[in-house]
Every structure is written in structure tokens, then in C-alpha cells.
S.K.: 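Take this structure first; my questions come after.
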Amino acid sequence: MDDAAWSTLVNRLEDGKVTPFLGAGAGAGTLPTGTELASAWADEYDFPLGNRDDLTAVAQYIAVSHGSMLPKQIVSEALAGKGPPDFTAPLEPHSFLAKLDIPIFITTNYDDFMVQALVTEGKEPVREYCRWNPDARVPGESSIFDEPGFEPTPERPVVFHLHGVRETPSSIVITEDDYLTFIVEISWHRRHLLPIRIQQALTGTSLMFMGYSLSDWDFKVIFRALVIAMEADLRRESVSVQLPQKDQGAASYLAEYLRHKSIEVYWGDLHQFVGDLSTRLGAFPSTSTRD
């Protein structure tokens with residue numbers, strides 16, 4: 001990221017015009033990684049294919065051979081009782097975000113760490129999730145957005161889970177079929193599945209992706225189903241935090257491709273990004289800045 005991109009991001013954060021997007025990397029060190037879960041499940045369920053570290057593929061196999069709900073239930077159980085992170089640790093991502101004046105947070109994670117961090121900061125967050133699964137929708141189930149006059153604020157923000165929550169396994173997106181269904185449902189029915197304030201956050205604020213890599217299914221699905229689907233309305237710079245790329249040629253190509261989609265890329269890990277952004281916001285002692 002160059003100075004102009006940093007300046008845009010800082011200015012929009014100060015104006016409250018940024019919506020964070022949290023991926024699995026935000027829980028690294030506290031929750032098991034997707035690779036760890038996939039390898040363990042591959043052993044337990046005799047996964048016969050070669051991509052044993054691909055959680056989505058392993059979960060799909062389990063769903064086909066043992067029922068569609070099983071991978072959702074076992075990931076819910078695997079995350080139960082884990083965390084939260086140490087919110088007092090320097091540059092802990094959830095804690096850093098909770099200190100900012102942001103009314104809406106969006107995540108593809110199943111945990112409630114962002115909610116807990118906001119509570120720690122004395123705020124009153126509301127947790128909501130996308131009812132993407134047509135087979136698991138509860139008739140008449142209400143949402144906070146159904147309340148007349150409800151408006152997210154920095155003091156009472158909304159944490160919106162796109163890919164479900166641990167406490168409601170049927171809402172979890174984890175298998176290949178889940179991701180495909182999610183894409184179709186969001187593409188065709190997003191006006192019904194995404195509350196208007198979430199849609200406005202997607203099209204009217206800068207989207208700050210944190211804790212993703214370009215290989216993540218979560219990132220691919222978000223980019224295709226949400227960003228591209230609403231591309232005509234997107235006019236604001238977005239930031240995607242990525243892991244370092246060993247192939248610098250590929251990194252340069254991908255950065256240029258995403259820049260054409262109004263997405264700037266920070267090549268570094270999540271804690272480095274939080275440290276650099278904190279410095280520019282004047283929130284923490286200085287750290288070295290990466291491009």
C-alpha cells in the first residue's frame with residue numbers, strides 16, 4: 001500500500017466510513033486452523049483424496065458420506081470453549097477494532113470474539129447472522145433489523161456473520177455445497193438475505209478485509225458473490241490484508257488485478273497490518289511500515 005492508500009483508509013476510519021471484514025486469520029493462535037481441522041478430520045473419517053489439508057474438501061466428503069449436518073456439528077464442537085484471545089495483548093485485532101468508532105462489523109468466522117472484544121470496551125454489540133440456508137430458515141424468526149427505528153451505532157454496533165455462527169450449526173458455511181449454495185442465494189436473493197444497513201455498508205463504505213489470504217474460499221466467495229455482484233455501486237477504496245507471497249511476480253499481478261477492482265493490497269500478516277495502521281492512527285507506538 002502506498003501513502004495515498006493509507007491516507008484514504010485513515011481518513012475514512014476517522015469519518016466512521018469503514019466496514020471491517022474479519023476472516024479466519026483473526027483467530028489465529030486461539031482457534032485451530034482450517035488446515036489443522038482438515039488433517040484431523042481426514043484421518044478420523046478416512047478421507048481418500050490427496051488434498052487432506054483443504055477443510056472445504058474434507059468437510060464435503062464427510063457431508064456426502066455421513067450426512068450434511070455432521071461437518072457443521074463437529075466444527076461447532078471443535079470451537080466450543082476455545083478462546084477468547086487475550087484482548088490485552090499488543091495489536092490483538094479484535095481489541096484494536098473494538099476501540100474504533102465503527103457501527104458495523106462483518107465476519108465470515110463462526111466465533112463471537114468480535115462481540116466479546118466490543119463488550120470489553122464497554123459497548124453493547126448486537127450479533128446477527130445471514131439466513132442463507134433455505135433448508136434451515138425458521139419461519140417468523142426475527143432479526144434486530146426488524147425492530148422499527150433500529151440503527152447501528154459505534155456504541156451499539158452490529159457484528160454480522162455472513163457464514164453462520166457456532167451456536168447455530170445449520171447456519172455454518174463449510175462444505176463445497178454450502179459455498180455454492182451461498183453464492184447462488186446471495187446472488188439471487190441478497191435483498192432479502194442482507195438487511196438494508198448491511199447492503200449500505202457493503203456499497204457505501206470502504207471494506208477492510210482482515211485475516212484472509214487469496215487462497216481462502218471465504219475471500220473468493222465474498223469477492224465474487226458480494227463485491228462483484230454489487231460492483232456497479234462500489235466506488236470506494238477497499239483494503240484486503242493478505243499473507244506474504246513467495247512468488248513476487250504473482251504478488252504483483254494479483255495486486256494489480258485487485259487494484260482494478262478498487263482493492264488495495266497490504267502484503268504482510270494481520271498483526272503487522274494492525275501495527276502499521278495503529279501507528280498511522282496514532283494509537284500505538286511506532287512500528288515499521290511495509291508496502
S.K.: Working to the nearest 0.5 angstrom, can you tell me the gap between F47 CZ and D54 CG?
M.R.: 7.0 Å
S.K.: With the side chain counted from C-beta on, respond yes when F209 and Y266 share a heavy-atom pair under 4.5 Å apart, and no when they do not.
M.R.: no
S.K.: Side-chain donor-acceptor pair under 3.5 Å between K72 and S76, yes or no?
M.R.: no
S.K.: Stepwise, does the side chain to side chain contact (heavy atoms under 4.5 Å, CB included) test hold for S278 with F96?
M.R.: CA-CA 8 Å; S278 299; F96 167 74; 3.2 Å; yes
S.K.: Report yes if the side chains of I174 and H163 come closer than 4.5 Å at any heavy-atom pair, otherwise no.
M.R.: no
S.K.: Do the side chains of Y212 and Y179 join up, straight or via other hydrophobic residues, at under 4.5 Å, putting them in one cluster?
M.R.: yes
S.K.: Of the non-hydrogen atoms in I172 and D178, which two are nearest, and what is the gap between them?
M.R.: O-OD2, 3.5 Å
S.K.: Spell out, as yes or no, whether a donor-acceptor pair under 3.5 Å connects the side chain of E92 to the backbone of D86.
M.R.: no
S.K.: Are L100 and F273 joined in one hydrophobic group, where the rule is that I, L, V, M, F, W and Y side chains link up if heavy atoms are under 4.5 Å apart?
M.R.: yes
S.K.: Measure the spacing between OG1 of T205 and CG of L13 and express it to the nearest 0.5 Å.
M.R.: 10.0 Å
S.K.: Is there a donor-acceptor pair closer than 3.5 Å between any side-chain N or O of K82 and the backbone N or O of P32?
M.R.: no
S.K.: Above 12 or not: heavy atoms from other molecules or residues under 6.0 Å from CD of E124?
M.R.: no
S.K.: Looking at Q60 and E176, would you say the former's side chain and the latter's main chain have a donor-acceptor pair under 3.5 Å?
M.R.: yes
S.K.: Decide side chain to side chain contact (heavy atoms under 4.5 Å, CB included) for L22 and M114; before the verdict, give the C-alpha distance in whole Å, the side-chain angles of both, and the deciding distance to 0.1 Å.
M.R.: CA-CA 9 Å; L22 286 175; M114 192 64 246; 3.6 Å; yes
S.K.: Given the rule in the side chain to side chain contact (heavy atoms under 4.5 Å, CB included) test, do S68 and T175 qualify, once you have shown the distances and angles that lead to the verdict?
M.R.: CA-CA 9 Å; S68 61; T175 67; over 6 Å; no
S.K.: Between V173 and Y110, which heavy-atom pair has the shortest distance, and what is it?
M.R.: O-OH, 2.6 Å
S.K.: M69, W132: one ILVMFWY side-chain cluster at the under-4.5 Å cut-off?
M.R.: no
S.K.: Could you check whether the rings of H94 and F87 sit parallel, tilted or perpendicular, using 30° and 60° as the cut-offs?
M.R.: perpendicular
S.K.: If you define the side chain from C-beta out and look only at heavy atoms, does anything of Y45 sit under 4.5 Å from V58?
M.R.: no
S.K.: Does M208 reach the side chain of L9, with side-chain heavy atoms less than 4.5 Å apart?
M.R.: yes
S.K.: Is it the case that one hydrophobic cluster holds both I106 and V165, taking links as side-chain heavy atoms less than 4.5 Å apart, direct or via other members?
M.R.: no
S.K.: Which atom names give the shortest non-hydrogen contact between P84 and F113, and what distance separates them?
M.R.: CA-CE2, 3.6 Å
S.K.: Under a 4.5 Å cut-off applied to non-hydrogen side-chain atoms, are V158 and R197 in contact?
M.R.: no
S.K.: If you measure from OH on Y61 to NE2 on H66, what distance do you get to the nearest 0.5 Å?
M.R.: 6.5 Å
S.K.: Are I104 and Y129 co-members of a hydrophobic cluster defined by side-chain heavy atoms under 4.5 Å apart?
M.R.: no
S.K.: Test side chain to side chain contact (heavy atoms under 4.5 Å, CB included) on L193 and I186 and set out the steps.
M.R.: CA-CA 7 Å; L193 296 179; I186 287 293; 4.1 Å; yes
S.K.: For E77, check side chain to side chain donor-acceptor pair (under 3.5 Å) against everything at least two apart and list the hits.
M.R.: none
S.K.: Quick test of your reading of the model: are D112 and R166 salt-bridged, counting only N-O distances below 4.0 Å?
M.R.: no
S.K.: Checking the side chain of N109 only, and the main-chain atoms of D111 only, is there a donor and an acceptor separated by less than 3.5 Å?
M.R.: no
S.K.: Give me the atom names and distance for the closest heavy-atom approach of I62 to P71.
M.R.: CG2-CD, 4.0 Å
S.K.: Say whether, by atom type as modelled, one donor and one acceptor occur between the side chain of D146 and the main chain of S143 under 3.5 angstrom.
M.R.: yes
S.K.: Donor-acceptor pair, distance only, cut-off 3.5 Å: does the side chain of E185 make one with the backbone of N133?
M.R.: no
S.K.: Just wondering, do F105 and V115 contact through their side chains at under 4.5 Å, heavy atoms?
M.R.: no
S.K.: What's the separation between atom OG1 in T168 and atom NE2 in H161, rounded to the nearest 0.5 Å?
M.R.: 10.0 Å
S.K.: Name all residues meeting the side chain to side chain contact (heavy atoms under 4.5 Å, CB included) criterion together with I144; count only those two or more places apart in sequence or in a different chain, and write none if there are none.
M.R.: V126, E128, E147, F150, R156
S.K.: Answer whether the closest heavy-atom distance between the side chains of V10 and L281 falls below 4.5 Å.
M.R.: yes
S.K.: Measure across F145 and P152 and return the closest heavy-atom pair with its distance rounded to 0.1 Å.
M.R.: CE2-CG, 4.2 Å
S.K.: Output the distance between atom CG (D46) and atom CD (E44), rounded to the nearest 0.5 Å.
M.R.: 9.5 Å
S.K.: So do the side chains of H271 and P93 get within less than 4.5 Å of each other, counting heavy atoms only?
M.R.: yes
S.K.: Please report the shortest heavy-atom distance between R280 and D3, naming the atom on each side.
M.R.: NH2-OD1, 3.7 Å
S.K.: In Å, rounded to the nearest 0.5 Å, how long is the span from CG of L79 to CD1 of I74?
M.R.: 11.0 Å
